[in-house]
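For reference, the structure is listed below as C-alpha cells.
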Amino acid sequence: MCGIVGYVGESPISPILLDGLRRLEYRGYDSAGLAVLTDEGVAIRRAAGKLRTLEELVEREPIEGNVGIGHTRWATHGRPSEENAHPHVSGDVAVVHNGIIENHTELRREVRESGLELRSETDTELVAHLIALELAKGCDLREALLRTLGRLKGSYAIAAISPRVPGKIFVARANSPLVLGLGDGENYCASDVPALLPYTREMIFLEDGDLAVVEAERVSIFNLRGEEVERTLRRIDWSPSMAEKAGYKHFMLKEIFEQPRALEDTLRGRLNRAEGKIFGDEIGLSDETIRGINRVLFLACGTSLHASIAGRYWVEALAKIPAQAELASEFRGRDPIILPGDLVVVVSQSGETIDTLLAARLAKEKGATIVAIANVIDSAIPRLADAAFYTHAGPEIGVASTKCFTAQLANIFMLALHLGNVRGAISPERSAAFVEALAKLPQKMHETLLASRQLASSLAKRTRDAQDVLFLGRGLSFPIALEAALKLKEVSYIHAEGYAAGELKHGPMALLDELLPVFVILPRDEQRERTLSNLEEVKARDARVVAVATRGDEETLEKVEDLLDIPEVEPELSPFLTILPLQLFAYYVADFKGTDVDQPRNLAKTVTVE
Ligand code: F6R
C-alpha cells in the first residue's frame, strides 16, 4: 500500500524517482509526489491522480538535485487530492510515509495546540510536524526522527529529507516494508524491490525498529535506542525485465502466461526424482518435529488463503494430519488456541500483509512452529518464521495475483508430500508418481493456457455485461471456485461468488435464472459425479452453464454449451490447471470492459494496513 522511493547520488534525480514510482504504482495509485533538496531548499511537486499527472507536472516544472524522495499513494487518511498527496512538509523537513498512525487523533490535537497549521487530512503530515517540533528543541534530524518514532503507534515506513542535513535521506520502518539499494557512489531506498531493479541488485532489507541514514557513499543503520546495527546484504536474482510487460498489454496477462516458467523455477532443485520424494531441507523441520505434528494450521488472506484451502485437502490426503485454513484477520480477532504439536504455515506472496504478519506473530507467541511460504525474500513474515520456504515466481506486478497463486500451490503440495513421506503416511510408489506428475505440470499448464485462450476470450465477450457470476466446485475445485470469483470481482468489478457445489441447495440456488452465468468446475476426480448432478440442477433452472472439465469428458460436454478443458492430470493436481482458463476469463472480461486491469480501483498490491 503506497510506494516510497529515494535516491542520493550524482545522476539526474527526477527520472530515477519517477521511474521508481512507475515501478511501484501497483502499490498505490491515487496521487503521487516528489521532494528534492535544491540550492533553495526543498522543492516539492505533487499531483492527484495517476503518476502520469505528476510526470507532466515535472516536465513543466523540472527539479534537479542530488537527494530526493518520492511517493505514490493509496488513500487511508483523507481522500485522494493534491493536499493529501505526499511529501508533507513542516518547516524545512519533507516526509513520505506508508502505513497508518493509529494514535493520530491524540497527535493531531497536540500539533494543533502547538500552533502549527494542518494543511491536509493525513496522518503523515503529523509526522512531519512532530519532527519539526523536536528540531525546534535543538536536536539534530536523526535524534528528532528517533524521538518522533517513539511517539508513533501503528505501522510505518518513513523517509525524510531536509536541507539542514544535505546529502542524506533518513528512513525508518515498523510493520511496513523498506529496502535499501546499494550502488557505486549512489544509494537508494524503496518500499519494494522492483523500484530498484534497474539500478542495483545489492539490497538490505530493514527490520522493524530500524532507522537508516542513506548517503551517496554509505548507509548506516541504527536501532530505536540509536545504537548502530548490522543487517545482511542480499543479492537479488530478479532481473529488471521480470518487472516489465515484455510486449503484453497488461502485467496480469503476462503473469498468467508466465505460470509454467514460475512453476518450473519454484520446483527446481526440490524434486528428488531418484528417490521419488521432495528435498525437504528448505522446509526447515526436523523429521522428529514432523513426526510430532498434531495439526497443520494455514494462515493467510485473499488469494493466499485460497491456496491454503487446497493445502488443507492435501495435508489431510497425503500426510494424514488434521488441517485447517484460516483467515489471518479473523484468527487474530479472537483468543485462538495453539496446542503442542501445531505447525502453523503462513502463506503470503508479499510476506508483508499486516493481518497475516500479526496473526503469525500471535501464533508464534503462543508457541507454534511457523513455516512461511512467501515470494519476496527476507520480507517480514519469513523473517519471523522458524523456516522460510520461498516460491520463485519472480516479481508479481499485477495487483490481482495469478502466478504467485500457482507457485504457492506448488510449495504447499511439496510441503504436504514431504510431511507424508517423513511420517510414512504415503506409499513410496504414490509419492514417486506425484513427483513425476509435478515435473510434468509446467508443460501441462502451457498446453492449458494455449488451448483455452480463445474460448476464455469469447466467453468473456459474451459475459461482460453480466451483473453476477457464480463459480461452483467440490473438494479441490472449491478453492478454485473461490479464487476464480475473487479474480473476476477484482479486475472486472462484476459481482461474483465462489461456492462449494454442495452448498448450492442451501441458499444460492434462489439466484439462478437465465441471466446468471454459472461456471462449474469438475475435473476428473472422485467428486465429479456429484458435481455433475449439481450442474444438472443449475441447468434445470435455466442458468447459463460453462464447465471446466477434463479433455474428452463427453458426458459433461453433452450437457453444456461451452467447455473449458484441461489435459488429463492426477486428480490431486487439478487445481494447477483448472484455475488457468478462469484467470484468463477474468482478465478478458476486464479488458473488454476497459477497466484498469493491473491497478483495479480501490485495491493495492501489498496490504500493510489492518
Ligand atoms: C488477490 C490478491 C489478494 C492477496 C492478499 C494477500 O488477487 O492478490 O487477495 O492475495 O492481499 O496478499 P499476500 O499474499 O501478499 O499476503
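All ligand and atom numbering here is 1-based and tracks the order in the structure.
Near Ser304, meaning under 4.0 Å from one of its heavy atoms, ligand 1 places the atoms 10 (O), 13 (P), 14 (O). The distance from ligand 1 to the heavy atoms of Ser348 drops below 4.0 Å at these ligand atoms: 13 (P), 14 (O), 15 (O), 16 (O). Of all atoms in ligand 1, numbered sequentially from 1 with element shown, those under 4.0 Å from a heavy atom of Gln349 are 13 (P), 14 (O), 15 (O), 16 (O). Those atoms of ligand 1 that come under 4.0 Å of a heavy atom in Glu490, given as number and element, are 1 (C), 2 (C), 7 (O). Of all the atoms in ligand 1, the ones that sit under 4.0 Å from a non-hydrogen atom of Lys487 are 1 (C), 7 (O). Counting atoms of ligand 1 from 1 in the listed order, those under 4.0 Å from a heavy atom of Ala400 are 7 (O).
Looking only at protein heavy atoms, the nearest one to atom 13 (P) of ligand 1 is Thr353 OG1, 3.2 Å. Atom 15 (O) of ligand 1 has Ser350 OG, 2.7 Å as its closest protein atom, hydrogens excluded (heavy atom only). Closest to atom 11 (O) of ligand 1, if we only count protein heavy atoms, is Val607 CG2, 4.0 Å.
The shell of residues lying under 4.0 angstrom from ligand 1, judged by heavy atoms, excludes Leu305.
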Margin query: For a salt bridge (charged side-chain N to carboxylate O under 4.0 Å, His left out) check, start with the C-alpha distance between Arg173 and Glu352, then their side-chain angles and the critical distance, and finish with the verdict.
Written below: CA-CA 12 Å; Arg173 76 156 275 173; Glu352 300 281 354; 3.7 Å; yes

May I have the step-by-step check of side chain to side chain donor-acceptor pair (under 3.5 Å) for Arg312 and Gln324, ending in yes or no?
CA-CA 6 Å; Arg312 181 178 76 191; Gln324 283 165 252; over 6 Å; no

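Residue Cys301 holds the heavy atom nearest to atom 6 (C) of ligand 1 of all those in Ser401, Ala307, Cys301. Among Thr303, Thr356, Val346, Val347, the residue whose heavy atom lies closest to atom 9 (O) of ligand 1 is Thr303.
No donor-acceptor distance shorter than 3.5 angstrom exists from the side chain of Thr124 to the backbone of Val96, with no hydrogens or angles considered. Between the side chain of Tyr493 and the backbone N or O of Arg601, at least one donor-acceptor pair lies under 3.5 Å.
Inspection of the Asp468 and His495 side chains reveals an N or O donor paired with an N or O acceptor under 3.5 Å.
Judged as a ring-ring contact (aromatic ring centres under 6.0 Å, His included), and not counting sequence neighbours, the contacts of His71 are His86.
Residue pairs meeting the salt bridge (charged side-chain N to carboxylate O under 4.0 Å, His left out) criterion with at least one partner in residues 394-406, sequence neighbours excluded, are Glu258-Lys403, Glu396-Lys605.
For Glu352, no heavy-atom contact with ligand 1 is shorter than 4.0 Å.
For the atom pair Thr406 OG1 and Leu263 CG, the distance stands at 6.5 Å (nearest 0.5 Å).
For the pair Arg383 and Phe205, the NZ or CZ position fails the cation-pi test of under 6.0 Å to the six-membered ring centre and within 45 degrees of the ring normal.
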